[in-house]
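One structure below.
Given the structure is predicted, the values throughout are model-derived calculations rather than measurements.
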Amino acid sequence: MFSRVFGKPKQETNAVATLDKLNETLEMLEKKENVLLKKAAAEVEKAKDFTKGKNKKGRFLNSWRQFNVCKRKRLYEQQIEQLGNFQLRIHDQMIMLEGAKATTETVDALRSGAAAMKAMQKATNIDDVDKTMDEINEQTENMKQIQEALSAPIGAAADFDEDELEAELEELEGAELEEQLLQPATTAPAAPIQVPAGRQPTRPVPAKPTPEEDELAALQAEMAL
């Protein structure tokens, strides 16, 4: 259908050649129009000269010459108007051909895009997509099972009971806490106090034991009994 309306690629080449021919014709008409304009202007100058040189003896001759000059000027003007109409028609035809050429190129581009899309859809139909997704999911599940198998304990470590391990860990933590409680409390040695000359150093006031230290001392005494 599109080929009937807009033609084939060969007709597109003919359209380009036609546009070139119209451009050449338009340039030729413009040159002819310029020549006629110059001739009409020359006839006007002749009429002015006859008017300036008019006298009683040559009045009839000059009038006749002026009449012929006006006739030639009118003929040139008619030809100029005709050439102008020809140029207008050629411009109109060029605009129509350029529009048709642009339309043809647009339709060809759309046709190519539709064919490419159809080919891509044919190469990747929905059944192939579903099959590919199933394969991906299957491979993902297999990889997950492989990773779980690799991370599972083997050998003697597989026989360990996690509850027994946690109980043993709690027992070790309790023993470490008891050992810390049995250790005697130690205090850091007091730093020497520098006393200026002429003054007697004052004895530091012993610090009162904290309730925690009293409780620790009482526990040590009970265990010693």
Side-chain angles (χ1 to χ4, degrees), residues 1-20 22-23 93-191 207-225:
M1 177 178 178
F2 288 111
S3 61
R4 294 179 181 177
V5 177
F6 300 106
K8 298 179 180 180
K10 186 176 180 181
Q11 294 178 351
E12 181 181 355
T13 305
N14 294 335
V16 175
T18 303
L19 286 172
D20 294 338
L22 289 174
N23 278 320
Q93 189 70 24
M94 290 175 64
I95 291 173
M96 292 179 62
L97 285 174
E98 290 174 353
K101 182 174 177 293
T103 303
T104 303
E105 292 176 352
T106 302
V107 173
D108 289 340
L110 293 174
R111 186 186 296 113
S112 300
M117 186 176 297
K118 184 177 180 180
M120 288 187 292
Q121 289 179 354
K122 186 177 181 180
T124 56
N125 55 23
I126 188 63
D127 295 334
D128 294 338
V129 173
D130 291 338
K131 183 178 179 181
T132 302
M133 294 304 299
D134 292 339
E135 292 177 354
I136 292 174
N137 293 330
E138 183 179 357
Q139 295 299 326
T140 303
E141 186 65 25
N142 293 337
M143 183 58 65
K144 187 183 298 184
Q145 294 178 1
I146 292 172
Q147 292 176 351
E148 290 178 356
L150 291 175
S151 61
I154 58 176
D159 298 332
F160 291 156
D161 189 357
E162 294 183 358
D163 295 336
E164 293 179 357
L165 293 176
E166 291 180 359
E168 185 177 355
L169 180 60
E170 292 179 357
E171 184 179 353
L172 291 174
E173 292 178 352
E176 184 178 358
L177 178 60
E178 184 178 354
E179 184 179 356
Q180 292 178 357
L181 293 175
L182 292 177
Q183 290 180 357
T186 57
T187 57
K208 294 182 179 181
T210 61
E212 290 79 3
E213 292 177 349
D214 292 340
E215 184 179 355
L216 181 60
L219 181 60
Q220 291 176 353
E222 290 177 1
M223 294 182 67
L225 296 176

Under the side-chain contact (heavy atoms from CB on, under 4.5 Å) test, which residues partner [X], sequence neighbours left out?
| X | answer |
| --- | --- |
| Leu22 | Thr18, Ile90, Gln93, Met94, Leu97 |
| Lys118 | none |
| Ile136 | Thr132, Met133, Thr140 |
| Glu141 | Lys144, Gln145 |

How far does CG of Asn142 sit from CG of Asn137, to the nearest 0.5 angstrom?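 Spacing of CG (Asn142) from CG (Asn137) equals 11.0 Å.
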Decide, yes or no, whether a salt bridge links Lys131 with Asp134 under the criterion of side-chain N to carboxylate O below 4.0 Å.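 Salt bridge flag = no for Asp134 with Lys131.
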